[in-house]
Participant: 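Have a look at this one.
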Amino acid sequence: MKALHFFAKTKKIQLVKLPIPKITEPGDVLVKVAYSGICGTDIHILKGKFASSEGPVILGHEFSGKVVEFGKNVTTFKEGDQIAVDPNNSCRSCQNCHLGKPHFCTSPNRTIGIFVDGGFSEYVVVPGHMVHKLPEVVNLKQGALAEPLSCISHGYDIIEPIPVGSKILITGTGIIGTLWACVLHLQGHRNVTICEPNKARLDNIKKLELDFTLLTPEELKENRTKNSNYAFDFVIDCSGYAPIIEYGINLLQKCGKHCCFGVASPEAEIKINPFKMFFNEWTIIGSKINPYSFPKALGWLEATCDRYFDYQKLGIKFTSWRNMQQLLVN
């Protein structure tokens, strides 16, 4: 099979041919990968900003595929089932796991596509408890969005309640910001502003016909300059860019909530005025991956997959193995 090997020490990625992996555990499932997304986390890993297996390891943690084979203890799947994989594993034994916080598991990290071979390959073996069958109306292209949507589901849960009619700002509209916009629209929100410096990304949002307000950072700052009361009930940062995170916090209404959703560089820092936090009762929330949120993500996909999760409208492009290698290297 074809796969992309990553070597953490040299930060190199290489297209290789490997044997199809074998099932060795009774609870494992062999998956033929259909579609695999390139996450911003993958880019951080390639740049040496985030930890991964020293390698060689096959990256790719956002993927869909079909069940090819499974171990004797797997009873919930059959050959040919269309599935998506939750890549985040845990020991299910430590204190954090028992407290319902598996994303803070204290055991060695076993995330598929980061520390264990993942979806940048034609086949991958994964534990059966991490495999989710796709709803019948959801195709494999859309199924590859299940993992990022599950992360959004977790973020949505921890900043709730979000009353319909709330004034919401999304900063950054890569795929994550765009998916946030789709989810908010699906949930009935219409008073949403999206801030993004890349005009092409704003054009993709227009294709979705959400009727949200679309602004560049310059236009956002101009609105604030003209009106000191220009503010939002919720700010959801999907950029991971420290200056816009800092600016977004200061755009909060009284009792406003800011969700740091985009992953910033570990070296990035922001300044916060503690008196403003006290006086305005601001809440600043981080959101990390997707504990127990995959079912809701699949529910979102099933609800109106063709209305929102059309790859052409989302601006998602496909590439060959060779082009994917070049894209990651560059």
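Here the structure is a predicted model, which is why all the values come from computation and not from measurement.
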Participant: Between F6 and F120, is there shared hydrophobic-cluster membership here, with clusters defined by ILVMFWY side-chain heavy atoms closer than 4.5 Å?
Facilitator: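 Linked, F6 and F120 end up in one cluster.
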
Participant: Without hydrogens or angle criteria, can the side chains of N229 and Q253 be said to hold a donor-acceptor pair below 3.5 Å?
Facilitator: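 No, no side-chain donor-acceptor pair sits under 3.5 Å.
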
Participant: So, taking the atom named NE2 in H258 and the one named CD1 in I249, what distance separates them when rounded to the nearest 0.5 Å?
Facilitator: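 Taking NE2 in H258 and CD1 in I249, the distance rounds to 5.0 Å.
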
Participant: Who pairs with S293 by side chain to side chain donor-acceptor pair (under 3.5 Å), at least two apart in sequence or on another chain?
Facilitator: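 S293 satisfies side chain to side chain donor-acceptor pair (under 3.5 Å) with no other residue.
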
Participant: When you compare the side chains of D86 and H129, does any donor N or O come within less than 3.5 Å of an acceptor on the partner?
Facilitator: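 There is no such pair between these side chains.
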
Participant: Check the side chains of S150 and N290 for a donor-acceptor pair under 3.5 angstrom, ignoring hydrogens and angles.
Facilitator: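 Their side chains do contain a donor-acceptor pair, which is all the 3.5 Å distance test asks for.
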
Participant: Is there a donor-acceptor pair under 3.5 Å between the side chain of D157 and the backbone N or O of E160?
Facilitator: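 No; judged by distance alone, with no hydrogens or angles, the pair does not exist.
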
Participant: Would you tell me whether W300 and Q187 have side-chain atoms, one donor and one acceptor, within less than 3.5 Å of each other?
Facilitator: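 Note: W300 and Q187 side chains meet the donor-acceptor criterion.
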
Participant: Counting N and O atoms only, with roles assigned by atom type, does the side chain of E246 sit under 3.5 Å from a partner on the main chain of P243, one being a donor and the other an acceptor?
Facilitator: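 Looks like no, no N/O pair under 3.5 Å.
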
Participant: Please determine if K2 and E122 form a salt bridge, counting it only when a charged side-chain N lies under 4.0 Å from a carboxylate O.
Facilitator: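 No, no charged N to carboxylate O under 4.0 Å.
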
Participant: Between N191 and K167, do the side chains contain an N or O donor and an N or O acceptor separated by less than 3.5 Å?
Facilitator: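 Side-chain D/A pair, N191 to K167: absent.
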
Participant: Tell me whether K257 contacts the main-chain N or O of I159 through its side chain, where contact means a donor paired with an acceptor under 3.5 Å.
Facilitator: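 Yes.
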
Participant: Could you tell me whether E267 and K49 make a salt bridge, using a distance below 4.0 angstrom between a side-chain N and a carboxylate O?
Facilitator: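 Counted as a salt bridge, because a side-chain N and a carboxylate O are separated by less than 4.0 Å.
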
Participant: Quick check for you: to the nearest 0.5 Å, what is the distance between S166 atom OG and R190 atom CZ?
Facilitator: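 Going from the OG atom of S166 to the CZ atom of R190 covers 13.5 Å.
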
Participant: Atom CG in D203, atom OG1 in T173: separation rounded to 0.5 Å?
Facilitator: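 That separation rounds to 10.0 Å.
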
Participant: Would you say W282's side chain and N250's backbone share a donor-acceptor pair under 3.5 angstrom?
Facilitator: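 The answer is no, because no donor-acceptor pair under 3.5 Å joins these two groups.
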
